[in-house]
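Okay, so here's the structure we're looking at.
In the text below, chain A, chain B and the rest are named by the order of the sequence lines, each starting its count at 1. Both backbone and side-chain heavy atoms feed into the values below; hydrogens, waters and symmetry mates do not.
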There are 2 protein chains.
Amino acid sequence: MSQQRHGSTPGNTGAVPAFPDLPEATIARLPEYLRALHNLAESGSETVSSEGLAAAAGVNSAKLRKDLSHLGSYGTRGVGYDVALLVDQIEYILGLDQRRAVALVGVGNLGHALAGYDGFASRGFRIVALFDSDAEQVGKPLGDLTVRHIDELGMAVVEEGITIGVIATPAGAAQAVADDLVAAGVTSILNFAPCVLSVPAGVDVRKVDLAIELQILSFHEHRKASLTAIPGGRSAQPGNQEAVGS
Amino acid sequence: MSQQRHGSTPGNTGAVPAFPDLPEATIARLPEYLRALHNLAESGSETVSSEGLAAAAGVNSAKLRKDLSHLGSYGTRGVGYDVALLVDQIEYILGLDQRRAVALVGVGNLGHALAGYDGFASRGFRIVALFDSDAEQVGKPLGDLTVRHIDELGMAVVEEGITIGVIATPAGAAQAVADDLVAAGVTSILNFAPCVLSVPAGVDVRKVDLAIELQILSFHEHRKASLTAIPGGRSAQPGNQEAVGS
DNA sequence: TGCTGTGAAAGGCTTCACAGCG
DNA sequence: CGCTGTGAAGCCTTTCACAGCA
């Protein structure tokens, strides 16, 4: 699923604390642990058990312990994990100690919402530039920023040190935007357009397709409907932590 | 990962075309195949090979064939798959033949964007009601709809036949909204709030956390930076289909 | 011959269960 | 004694490679 070989950096045994070779599934959960830890820190907890943190993050404790064990031993047997220490450690691993500069392309419906989303700023990112190809939009102010024409992207990436691009354009424009981002030197892309992007090796793409999420839920609705048509089911005990899919 | 047992409906061998017991990973890809098939249909293709469809959906052909084989044999050896037939089949499986009614709770920044997102309407869903707890927002028109107070949720769910709820509130309000949705009879929830929801068994929750997606990309940026610090890497051959994570 | 459908192999992830440390 | 860290087992997913049908 990842595009670059995942082996520990070859010819680098020991000296520099070799970049941990984390399973992809673990990486995807670290942000959730981080959020839970921040909540715990705010509520005054200094330590937390694997059981407690797991509950706060919505996973089981064995999985959490296995995940954290990949980062090294930051827990104390008989006690638990030091919240502040673990926060630092996960933020370091995720590269959040440097507040990354993000470019957002496409200031339509969704782009507007993303540009104004507090969660980015509060969780390690700065949206530093907005782009659109529509002359109508260019020059308009949006929050602290002004929408720029996509031709300025290359310049902005260098000037602002942008490493992540967010695509919030219609599907038809997304591949061209991705090409522009890559040409400008961006190596990570978050794509909200409902289409497959083709990018060179070394560029990471993650996709969020809102309709797909609903379609997956629709499947489960369909399945539940076809099951409840048959007697026997329906033993719901409230208060459980339940989730489906990823 | 799913909350209900996945076995084929017990005591139902044969008679009704037993609801297929699809792997969760396959289900998550069906919407992507469907989108690709719609594109192919629009461009006039009547059949497509596993190779062709796989490329359009951004997966490899072996995986695609395995996935489709779970639905039954809808391909023709030596030829490929009938596009229209496969569209119908996948739409049936996903329960998209009935345009599902969706309630959206929280019409802030993100809620506005979701309410206006074309992709929902064009891909099988109708947003039929908008809710907020903020008296300021209640009564305001938004698209074809008027924002209603969340107290009316129970009524609306019954009247409109809502089965899916979308939560676009701040994290602090999300659990209460989820409880309201469940109490009203909603059995599938798409949660955009950055928090873990606790719901009874039988209710499906999917979560989309925009900051988490960026944090995962940030990890890969961090890793790439630490790798390129060491000589040897960097063999990017453009034109590949590349993606990271799920 | 070309392409699907599928056993079998390989790999990755989760869960279990407990050794071992504080 | 409690809780972490971890080998081992089991399960799920992906990939391979080819039998078999059109």
Calculate the interatomic distance between [X] atom [atom1] and [N] atom [atom2]; express it in whole Å.
X     : N      : atom1 : atom2 : value
A:Y74 : D:dT6  : OH    : C1'   : 17 Å
B:K66 : D:dC18 : NZ    : C1'   : 12 Å
A:H70 : D:dT6  : NE2   : C1'   : 10 Å
B:D67 : C:dT6  : CG    : C1'   : 13 Å
B:D82 : C:dG5  : CG    : P     : 12 Å
A:L71 : D:dT6  : CG    : C1'   : 15 Å
B:E24 : C:dG12 : CD    : C1'   : 17 Å
A:K63 : C:dC13 : NZ    : P     : 11 Å

From the options D:dG5, D:dC18, D:dA8, select the nucleotide whose nearest atom is closest to the side chain of B:R65.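 Given the options D:dG5, D:dC18, D:dA8, the side chain of B:R65 is closest to D:dC18.
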Between [X] and [N], is there a side-chain N or O to OP1/OP2 distance below 4.0 Å?
X     : N      : result
A:R29 : C:dT14 : yes
B:S73 : C:dG5  : yes
A:Y81 : D:dG5  : yes
A:N60 : C:dT15 : yes
B:S50 : C:dT4  : yes

Please identify each residue that fulfils salt bridge (charged side-chain N to carboxylate O under 4.0 Å, His left out) with B:D209, with sequence neighbours left out.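 Residues passing salt bridge (charged side-chain N to carboxylate O under 4.0 Å, His left out) with B:D209: A:R123, B:K207.
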Using modelled atom types only, decide if a donor and an acceptor are shared between the side chain of A:E51 and the backbone of A:S61 within a distance under 3.5 Å.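 No; judged by distance alone, with no hydrogens or angles, the pair does not exist.
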Work out which heavy atom in B:I216 is nearest to a heavy atom in A:P31; give both atom names and the distance.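 Closest approach of B:I216 to A:P31, heavy atoms only: CG1-CG, 4.2 Å.
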Can you give me the closest heavy-atom contact between A:L94 and B:Q215, atom names plus distance?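 Here A:L94 and B:Q215 meet closest at CD2-O, 4.0 Å.
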For A:D118, is the CG atom crowded, meaning more than 12 foreign heavy atoms sit under 6.0 Å from it?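 Open: at most 12 neighbouring heavy atoms sit under 6.0 Å from CG of A:D118.
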N/O donor-acceptor pair, side chain B:R77 with base C:dG2, under 3.5 angstrom: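 In this structure, the two groups form no donor-acceptor pair.
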